[in-house]
There are 2 protein chains.
Amino acid sequence: MSSRSGEIATILTRAIMGQRLTPGAKLGERELAEALGVSRIVVRQALIRMAEDGLVTIERNRGAFVSRLSLQETLQIYEAMTVIEQGAAALAVTRVGTTAWAAIRRQAELQRQAAHDSNHGLSDHLGIGFHFDLVRLAGNRVLEDMHAQLTRRVTLLHSIYRSEFDQCALADDHLRILDLIEKRQLKKAQDLIAEHNRVIVKGFFLEESEAKRPLPLAEAIAPFLATPA
Amino acid sequence: MSSRSGEIATILTRAIMGQRLTPGAKLGERELAEALGVSRIVVRQALIRMAEDGLVTIERNRGAFVSRLSLQETLQIYEAMTVIEQGAAALAVTRVGTTAWAAIRRQAELQRQAAHDSNHGLSDHLGIGFHFDLVRLAGNRVLEDMHAQLTRRVTLLHSIYRSEFDQCALADDHLRILDLIEKRQLKKAQDLIAEHNRVIVKGFFLEESEAKRPLPLAEAIAPFLATPA
DNA sequence: ATCGTTATATTGGAATCCAATATACATCAA
DNA sequence: TTGATGTATATTGGATTCCAATATAACGAT
């Protein structure tokens, strides 16, 4: 990112994705400017960027807050993600057999291993990566960017709801999706993608997590200040 | 829009969509600030917004320009639009028979009339509206917004390439798409959507239009200064 | 004509200032 | 005590001014 405000936006986005800034948190300009060592203007520009992305909500004369997702918005985001992933699956058919295809398959199997070994952290990480990689297989940057944006927005959910997933089932789904695409059973693959995402959404709303105590702003962003490549 | 920069962004977006600001046009901060009667800061924030949207490209220390679309980007945008419209079609199946459905059907038939009467302007207008309405039928705001963004971006093409479409064929496609959805032949409907969009893309690249002389900035945005509701 | 140098203009950003307004606080009435 | 009202304060949105970095243009020398 060549601009200061872009860097700031990246830092704040990381803080949100890392669940150190949770929905509803106030993002005061002065406070952020001080914590980040930049002027208010740059902070504001960063917040505008993030508002455009949907991660932040700016209220006139009240300031910026980490966005809250309504139930309806959540459902619509997941529905949109499903649409994109289904489309990506259709486009990815032509990629079967490439090295990229082999890679995603390997990852999916690693995830299955991790899930069966109850390595929740790794399994979760690989699971998220799968959806990413599937879209990347489509070879369409525009689609990829839109999907990434939706992914960022649903991260807001993780900060509120604590979900209990059947990691094994999810990992198995991933492998089955790949199988179906390989066998050119696109319709079935797309149906499974839809079902798979429905399960994920349901997982979120089964139980609401205890409210996490919000961190002080400066503390929340601290780990992300050093901007590694 | 509650913020000044949002209003400015809207004005500039309209100017681009109205093809008064064409790809490559320099959007000088000072010049715009003067023409719009606001400070440079607000203009910059507006440009940042639009850059996030893809309509504007900001180059470090060089300024903002109306984005140019590469051939590859164009293809990917249309591919993404196709994916979204196909997904929307799937979701719209449940809307068959509603008043909204009747409305889009009426519009599509109006377009066919206009096309057969060689009323190019009206036909074109209704044709664009069709794709919009189809996505709106899905009842998913997130999907709708993404589609609208892609639509804004492809407008950049209109400013460069002059296309010769077979308006009648396009209008007929629209009606056939509706027919297929009504008959629950989703796969065929989606295939037709894909083919339909492929034809549109091809139409753009058949012949390059004469270069339009760029308007002076102030003149370009003049018609959009009065912001009607 | 080509290359290097200088001059100029523009951007990116900081610091300061101010109006509008939302929130908090205090005061007062029931 | 509780509710309503008015005041104080803090924050935002924006304007203005200033400056460094740098890209572009103008210019001159070879």
Side-chain angles (χ1 to χ4, degrees), chain A residues 1-13 16 21 23-68 214-218 220-221 225 227, chain B residues 1-13 16 21 23-68 214-218 220-221 225 227:
Chain A
M1 194 73 61
S2 57
S3 71
R4 210 83 184 149
S5 62
E7 295 170 17
I8 303 301
T10 303
I11 291 174
L12 292 178
T13 298
I16 292 176
L21 288 174
K26 172 97 197 261
L27 301 171
E29 291 183 8
R30 223 174 282 277
E31 197 175 355
L32 280 176
E34 187 167 350
L36 292 161
V38 295
S39 74
R40 268 181 62 206
I41 294 181
V42 176
V43 170
R44 192 110 77 92
Q45 289 167 351
L47 293 175
I48 288 176
R49 274 195 151 89
M50 298 175 71
E52 215 75 11
D53 205 49
L55 280 188
V56 155
T57 302
I58 298 177
E59 294 178 31
R60 169 99 190 180
N61 279 324
R62 290 210 39 210
F65 305 83
V66 179
S67 294
R68 297 175 190 275
L215 296 173
L217 257 191
I221 63 178
L225 284 181
T227 61
Chain B
M1 192 73 60
S2 56
S3 71
R4 209 85 184 145
S5 62
E7 294 170 17
I8 303 300
T10 304
I11 291 174
L12 291 178
T13 299
I16 292 176
L21 288 174
K26 172 94 195 266
L27 301 171
E29 291 182 6
R30 223 174 282 275
E31 197 174 357
L32 280 176
E34 187 167 350
L36 293 161
V38 295
S39 75
R40 268 181 61 206
I41 293 181
V42 176
V43 170
R44 192 110 77 93
Q45 289 167 351
L47 293 174
I48 288 176
R49 273 193 151 89
M50 298 175 71
E52 214 76 11
D53 205 48
L55 281 187
V56 154
T57 301
I58 298 177
E59 295 179 32
R60 169 100 190 178
N61 280 323
R62 291 211 39 212
F65 305 82
V66 178
S67 294
R68 296 175 190 276
L215 295 173
L217 258 191
I221 63 178
L225 284 181
T227 60

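The chains referred to below are lettered A, B, ... by the order of the sequence lines, with proteins before strands, and numbering in each begins at 1.
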Among A:Ile41, A:Val42, A:Val43, A:Leu36, exactly one meets side-chain contact (heavy atoms from CB on, under 4.5 Å) together with A:Arg4. Which residue is that?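 By the side-chain contact (heavy atoms from CB on, under 4.5 Å) criterion, A:Arg4 pairs with just one of A:Ile41, A:Val42, A:Val43, A:Leu36: A:Val42.
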
Stepwise, does the side-chain contact (heavy atoms from CB on, under 4.5 Å) test hold for A:Ile48 with B:Ser5? CA-CA 10 Å; A:Ile48 288 176; B:Ser5 62; 4.2 Å; yes

Where do B:Leu32 and B:Ile8 land on the side-chain contact (heavy atoms from CB on, under 4.5 Å) test, with the steps shown first? CA-CA 10 Å; B:Leu32 280 176; B:Ile8 303 300; over 6 Å; no

Show the numbers, then the answer: is there a side-chain contact (heavy atoms from CB on, under 4.5 Å) between B:Phe65 and B:Arg62? CA-CA 9 Å; B:Phe65 305 82; B:Arg62 291 211 39 212; 3.4 Å; yes

Does A:Arg62 or A:Arg30 map to a spot on DNA chain C nearer the 5' end, using the closest nucleotide for each?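 Of the two residues, A:Arg30 wins.
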
When we call it a touch if two heavy atoms are under 4.0 Å apart, what does B:Ile58 touch: a base, just sugar-phosphate, or nothing?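 Here B:Ile58 touches the backbone only, sparing every base.
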
Of all residues at least two apart in sequence or in a different chain, which pass the side chain to side chain contact (heavy atoms under 4.5 Å, CB included) check with [X]?
{"X": "B:Arg30", "result": "B:Arg40"}
{"X": "B:Thr13", "result": "B:Met17, B:Met50, B:Leu55, B:Arg152"}
{"X": "B:Arg60", "result": "A:Ser2"}

Output the residues of residues 34-47 of chain B in contact with DNA chain C, where contact means a heavy atom of the residue under 4.0 Å from an atom of the strand; sort by number or write none.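 Hits under 4.0 Å, by residue number: B:Arg40, B:Arg44.
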
Whole angstrom value for the distance that separates P of D:dA23 from CD of B:Glu59: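 These atoms are roughly 11 Å apart.
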
Could you state the CD-C1' distance from A:Glu29 to D:dG14, rounded to the nearest angstrom?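 Distance check: A:Glu29 CD to D:dG14 C1' gives 11 Å.
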
Nearest heavy atoms of B:Ala64 and B:Leu47, plus distance in Å: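 Smallest interatomic distance, heavy atoms only, reads CB-CD1, 3.7 Å.
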
What pair of heavy atoms forms the shortest contact from A:Pro23 to A:Ser67, and how long is it?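 Heavy atoms of A:Pro23 and A:Ser67 come nearest at CB-O, 3.2 Å.
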
NZ/NE/NH1/NH2 to OD/OE distance under 4.0 Å, B:Arg49 and B:Glu52: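 Looking at B:Arg49 and B:Glu52, the cut-off is not met.
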
Using a 4.0 Å cut-off to any heavy atom of chain B, which nucleotides of DNA chain C are the first and last in contact, reading 5' to 3'?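 Contact boundaries, 5' end first: C:dT10 to C:dG13.
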
Could you work out how much the helix from C:dA1-D:dT30 to C:dA30-D:dT1 bends, comparing the axis of its first five pairs with that of its last five, to 10°?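 End-to-end axis angle for the helix from C:dA1-D:dT30 to C:dA30-D:dT1: 10°, rounded to 10°.
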
